[in-house]
Amino acid sequence: MAAPQETTSRSRRTVELVVLAVLFVAFAGASAAGKRPANAPDDWWVTRLGVVIAAGLTLIMYSFLYRDNPLFKMAENLFVGVALGYGVILTWRQSLKPEIIDPLFIDPPHLHAFWMELARRSAPIVLGALLLTRISRRAGWLSRYSYTLMVGWGAGLSIPITIHTYVLQQLKPSLGLVSKVLGDAPAGQQASFWSTALPVLGDLIILAGIVSVLFYFFFSVEHKGAGSFVSQLGIWFLMVSFGASFGNTVMGRVSLLIGRMRFLLHDWLGLGP
Amino acid sequence: MWYKLTIPLILCFVMGLLAFVHEFVPHPWSAAFREEMTTWFRIMGGFAMFIGLYALLHLHVSRIRRQQAGWGYSAFVFLGAVLTIGAGVFEEIRAAVHDVPESAFSPFDWLYDYVQVPCQATVFSILAFFMASAAFRTFRARNLGAALLLISAVVVMFGRVPISEEVGRLAGAWDIFPRAADWLMEYPNMAVKRAIYIGISLGAISQSLRVLFGIERSYLGGGS
Amino acid sequence: MSSPPSQAALRRLAVTRRIIYLLVAIAVAVPTLSDLACDFKPSPWAEKVFKKVESLKPGSPILLSFDFDPAAMEELHPMGLALLRHCFKNDLHPILMTHWPSGVGISKQIIEKAAKERGKVSGKDYVFLGFKPGDYNLILNMGESLQGAFDKDFYKQPTQGMPALEGVRSLKDIPLVIDLAAGTAIEMWIAYGRDRFGFDLGAGCTAVITPDLYPFLSSGQLIGVLGGLRGAADYETLLKRPDRATKGMQAQSSTHVLIILLILGANVHYLSRRMGAYAKG
Amino acid sequence: MTRRGAARCTAFALGLLLPAAAWPAESAPGLAPPPASSFQAFTHPSDDGQTINLEWGRSRDEASGVYYVVEMASNEADYKAGRFRRVARIPSLAKLKSDEKRLRNYEDEAVNRANKQLHYLAVEPTTAYPDDAKTVRERDCYFRLAIVGTRMTKEKRPKAPEPLPEKPEAKPRMPVLAAAEAKSEEFLKQLESLQGTLTKATETKKSLDQLKRQLDALRQAMAEADKSSESLGQFPAFLGTLARAAEAIEREWRPLATALYLRLVGPIEGQSAGVTVVHDECLGELRALDQALANRGPAALRHEAEHWREQQAQEEAEAKLKAETPRKEEYEEVEVEKDGEPVFVSEGGAPKVVKARATLPPLVRPQAEGFRAFDLPSDDGADIAVEWRRTPSENRRTAYVVEIAEVKDGVPGPFEKAAEVPSLGAEKSDQPKFFGFSEANKLLHCVRVQPAAAFPPDALALRQRVIEEQMAWMPADWAPDTDFPQRLPPLLAALSAYVEAAKGICADIEALRGGLAAKLELADKTFLPELAGYRAYADRLGRFDAHVGSRLADALKDAKQEASRRSYAFRVAIRRGEETLHIQQDNKPKDALAAARPNLFKWFKLNNLVLSLAFCSVVYAFIGLARRNPNLFIRKIAGLDAVEEAIGRATEMGRPVYFVHGLGGMGGLSTIAAVNILARVARRAAEYDTRVRVMNNDPIVQAVSQEVVKQSYTEAGRPDAYNADDVALVAPDQFSYVAAVGGLMVREQPATIFLMGYFFAESLLLAETGASTGAIQIAGTDSYTQIPFFITACDYTLIGEEIFAASAYLSREPKMLGSLRGQDVGKAVVMIAIVAGTLALTLAAALGYDWSIIQKLFEAF
């Protein structure tokens, strides 16, 4: 996060500039230190240049830790642009060209085949083109013909599929919760007492969790009396699970940091094992 | 106007109905229908992506035109985009002229590897620092709920890293912490997530329903 | 609620913050430089995935979908590499695709690296289909006909009659699909892929979304999951081929410990203050 | 209530009551043998005559440490002398008779219940006494049973050697040479295969030429014949034949030629492409090699090579040594089970001995009634289901054979084997997806047959047909170029030269260098242009072939469907070894006729359909209801009360209220909800005369927010107090947004901060800064990954759906209100289903009933 003291005096600015200059020199020196390995390919320097630039950008991104600054903004916007360009080219290479150009104008060996392809593909191509009208303000309504088709398809499809995947598939194991443990525990398992009791306990916890959380998100009745207890239980369950998510999020971010650190120390500076 | 709104909504409903029904029909027709439709939408998907990309570009254009705060930086978006697209086009042409060996240098990939990858990979790693400082300054057990949250967070964080096993060995049971973490994940967490999924899916279904019946129209953009 | 702090207090906070940043940097950098080995037991869910891949016969196809972009690279790149190494080690025929345009570059890097190590040839030993738009429509389409959905692979070779796709006409012919995802792609694969076409689905994902997958694990819709860098490290361990992820675990440990200490310390202080306040009444 | 049931119920109850620590460890079992009456031996009524079955009741001392021991004497003498052999030692908790599928008695539940109380063991005398395997089957065998306890004792035993570390993948090669070698080898292969194809081409060419010569000869003959006929005017018959022959050959020649070229040039095209690629790679390698030489000079390189070879040798030697030398014995403490004294099942003092003889029952023909074939329901019309009754004589060494025949006008043609299934599997009840869960299915076998797979359409003929169709569409200039094969020899020459070059590559480093360079040069001059020529020519053929391929796929699909529509006859037989018995009707094998039909409804998705329709209609109804009556009851959300007090606090402190939007666009539900909440906030703030600042990062959201705030101010009767600049577009991208908002917070120190909408990673930063300024924070989002940070850093958090509920509560918008109600109904149903279902199933399990049908209602196929 940006440091609180946005009010930066001139003297402070100069100090920062000096520091920046020093850092840059250090960076250049460190980059130059990278020595050329024996029997490297002759385009070695291209890669090296790339690594140096990447390292520079990485450091610039980290400069945000000190404060939001022009360099950071530049880098951020630059990569947004590159990503955008990458998307454009890939959409052309992997979608539009192979779906429209090749099958119509490259592949067909004879005219008849071309006509057949055209017949098969004209509808989606036209609809796709209609999508593009969304850009314009006046003809924009044309794009609705395509959008409604896509959205309608998605919506209609999603209803049974959601029921299947998120309701039925999730409900079935929840029903078998305790009985699964008690019922046909394969002979040889039901010997010790705890080997039954503990899973049962766990299943009961799951049961309580599902029901109480569902009830917490149940808005049609006031949460009074027993209800208030159940929803309270729900909150507690929610919190525990959020805790799990929290821990994992921290873990993920740290992993990213580790990765970048490895990049800086190994690939750029060539330090460490 | 009827051809601007009514017909599209009718199309939406009909399409939705077909999609819904074909789920329950085993006849080869329904499979053929699905294949045809999915092919259509796969092809249309390409155009749709262009719309998305255009929207992004347009945002920056307007920002420059309106000279909004920090509009100067939008220029860099264009710089990046132009460089990359240029490189891509150059390679397309090069490939068209003569066949290129695999080992040939590709500026397009170079831009991706050494500009996009480092920036994008770094952005979220910054958060590791912020998490640490926030952990120290703001993550408080203000109430029982928050306390529970923090406890389970700590358990998971500790249980998922190797050092917990070392510590566990000292304590006698080497896998006590990992198991605690796993238990948290597989019992309370699983239950909650399942409940949430059920809730969300019901919400999603009613959303789809609203769309089908034209009650929800927020997705209809582009001129009115 | 406490009354808002003074500028001075805020400045102090800013200083403490930078100290913490420094601590984090050290906690990550030192173990990264040192080469301490650390041993740990792979988590059961990761083991399930490994066992499943291990159980496939040589030459059988396995579909890998890398649905992530550089933002999640540091977590999922090692995972993907380990998975592909495993596939090539057992002479499986991996079929690689992605739903994310920005994921193509990484996928390309990974599979070409893994293939080079074993001298595997594209089209013969593996297929890299690249990217196509359409999300769930693409999956449904592949379920009807894979060659129809991708008539050419990333290197512009026709998939029709490709040796690596021997006997694979649609998703129905693929025994195992593994999706490495940074977003909601896994749920998409479950709902539109696994539940209709009946292949086994394994998942690898960023730590952030790992907890959301447990309902599917317990309902058997997922056979297993590799969670974040730890998941990758688990897989490398199972593969007996430690690499980036495993090396990262030390730094992971130290940083987690640091953060935990920060949380605990701060809260102990906070609670003691509140106790004090109660005591005063 | 059965004994097991009781055990489980107590376990269940105690599991709830007792804490883990309080429960005492189990006591060691004192051993009581199972009741003697229950111990008996018999040969299985329907077995392969290999096994004798033993069964006995369950002892009360069964536990994990306890085993049953079965001992056997193979003849009377041994039995008399008490010479018994131990044939089995099975854990006392091993499978029961009820677990034995092939013993299941489907008609009679009571028997199955009884089987739950019996242990069961199948002994094969031949395997127990391999020494006299021949005779033992004719004799009586004698068995006795004992129960034996175990105790754990520690024991030293050699540790298993841990596996050798696996070798690195890349097999050791000298770095410089490796790639070049590999390439050249691959290169060789490619060239050779190309050569092969080309020789084939020449042969084809020969046959073609011959055909052509024939044709010319004929033409010649005809011409002469004409001449002669002018003069003589005879031999009309002869002329006729000649003409017909000529036509015939003309007709044949063209399609034949094209077909040949199609087979021919496709491969050439592919391979020559491959060759060029490898050629390029060779160039690359050469360059690398040059580089290396330039760096170190040949001498150094050769030295390196030798050094490397030594290294290899050394490594191999080491590896060998490692593999051979036995590791020094390491010992480890392991716990082993030691058997205690066996306690025999005794009768009148002496151990009870039972005897039996394994006999081979006759193979029984499956019965005719109940045998039928029918279209598989709710499928796409590819399968036919054949079903018949289970046979008493089926066992693990028998199998069922299903035969299929095409039916031509009512008469079945020759039968072919369509499927052979082990007779203990393939029950109709194994496929509930199509046949449901009915108990009756357990008495039936059922096999699905795909006629199209049994009688596949002739792909080659189809291909020929497609080629001819497509040829018709090809333009007229599309004649196979006949001098194509003349151009072969030079190419072949170039190629062989090239192959020679490639062979010479690895001799020595300089040779490699010189040779490769020279040959590549040569090849570039002679061979590549040729190749280019061919590829240009072959390109169109290639595309034609691909087109044909795709057409062929369609044609095949149609043919398959057409094939599966026809009607077929089926026969079923049971097989044991060579012996096969068909299902018969009046002493002829019985035929069952059926044809597959595509169906119109997937009955196994019925539950899905019902749920979908029910839920949708509920939601729809409630939306309608909400339209008519907009104040449907929704419980108050705790967060909303906080809104009031938070704004009150801001007023007391005379500080502004911040309302921070997430990154979501106006399309997102949570953004809409956030705007609804903003309306309320602005309203209250206006009433209390407190300044509200709204942070946006999306122009559209900003516009909407401005509208809303303005309106609220007017509603509050203070339009003058509204200031459009307070609803600002702070910054466009995620992180600059965070930075800017954070800066503002720190400078202005708002008393209250609302964070509403869809948030990404920025949530943490915003919440942290907000908290550090000591403001009251109220957050609301449906992005579950971010909620934890809000909860730990904010005073109130609207979790997930709560934010929608809150906005519905405030805005009273029918569509949201109605959907919310509908979803609540859905949730209620789910909750009830889970609780009731679990209770019922648990009860059933405890009482030993099977109510699993409750669960099967929710089966998702």
Side-chain angles (χ1 to χ4, degrees), chain A residues 50 53-54 57-58 61 73-74 77-87 89 91 95-96 99 124 127-128 131 134 137 140-141 143-144 148-149 152-153 155-160 162 166 170 202 205-206 209-210 213-214 217 237 239-244 246-247 250 253-254 256-257 260, chain B residues 4 8 11-12 15-16 19-20 23 40 43-44 46-49 51 53 56 73 76-77 80-81 84-85 88 105 111-112 114-116 118-119 122 124-125 127-129 131 145 148-149 152-153 156-157 184-185 187-189 191-192 194-195 197 199 201 204-205 208 211-212 219-220 222-223:
Chain A
I53 287 179
L57 286 168
T58 309
M61 295 309 271
K73 287 212 187 73
M74 286 180 202
N77 285 288
L78 187 71
F79 101 70
V80 168
V82 171
L84 192 143
Y86 195 76
I89 293 297
T91 312
S95 172
L96 294 185
E99 299 282 15
L127 285 171
L131 278 178
R134 186 153 209 171
R137 188 162 287 296
W141 59 273
S143 66
R144 291 179 173 179
T148 46
L149 277 182
W153 167 264
L157 207 59
S158 77
I159 292 177
T162 315
Y166 294 97
Q170 293 298 318
I205 289 175
I206 292 179
I210 297 177
V213 171
L214 273 174
F217 289 123
F237 268 104
M239 291 306 161
V240 172
S241 127
F242 286 146
F246 182 108
V250 173
R253 305 305 186 204
V254 171
L256 298 186
L257 177 57
R260 293 325 286 164
Chain B
K4 287 192 179 180
L11 276 179
C12 176
M15 197 59 181
F20 180 85
E23 270 296 295
W40 281 28
I43 296 174
M44 289 163 72
F47 293 93
M49 287 203 58
I51 292 292
L53 299 167
L56 191 51
Y73 298 110
F76 284 88
V77 175
T84 322
I85 295 176
F105 168 69
L111 275 167
Y112 176 83
Y114 298 119
V115 177
Q116 184 178 353
C119 292
T122 311
F124 290 100
S125 72
L127 288 161
F129 292 98
M131 295 234 173
L148 275 174
L149 193 156
S152 75
V156 169
M157 270 195 265
L184 267 185
M185 297 289 255
Y187 286 84
N189 169 63
V192 170
R194 180 168 282 169
Y197 271 128
S201 59
I205 294 176
S208 313
V211 167
L212 279 189
Y219 69 92
L220 288 169

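Residue numbers start from 1 in every chain, and the chains themselves are labelled A, B, ... in the order their sequence lines are given, proteins ahead of strands. Note that this is a predicted model, so its numbers are computed, not measured.
Under the rule for a ring pair (Phe, Tyr, Trp, His ring centres under 6.0 Å), the partners of B:Tyr112 that lie at least two apart in sequence or sit in another chain are A:Tyr86. Shown here are the salt bridge (charged side-chain N to carboxylate O under 4.0 Å, His left out) partners of B:Arg194, two or more places apart in sequence or in another chain: there are none.
Looking at A:Ser158, the atoms closer than 4.5 Å to chain B (heavy atoms on both sides) all sit in the side chain, from C-beta outward. Contacts between A:Leu96 and chain B at a heavy-atom distance below 4.5 Å involve the side chain alone, from C-beta outward. Contacts between B:Ile85 and chain A at a heavy-atom distance below 4.5 Å involve backbone atoms as well as side-chain atoms. The part of B:Val156 that comes within reach of chain A is its side chain, from C-beta onward, which places non-hydrogen atoms under 4.5 angstrom from that chain. With a threshold of 4.5 angstrom between heavy atoms, A:Thr148 approaches chain B through its backbone and through its side chain. Both the backbone and the side chain of B:Val115 come within contact range of chain A, with heavy atoms under 4.5 Å apart. Residue B:Phe105 touches chain A through its side chain alone, counting heavy-atom pairs closer than 4.5 Å.
Contact count against chain A (heavy-atom pairs under 4.5 Å) is highest for B:Thr122 among B:Val211, B:Thr122, B:Asn189, B:Leu148. Of the listed residues (B:Leu127, B:Ile43, B:Leu212), the one with the most heavy-atom contacts under 4.5 Å to chain A is B:Ile43.
Atoms CE and CG, on B:Met15 and A:Leu149 in that order, are 5.5 Å from each other to the nearest 0.5 Å.
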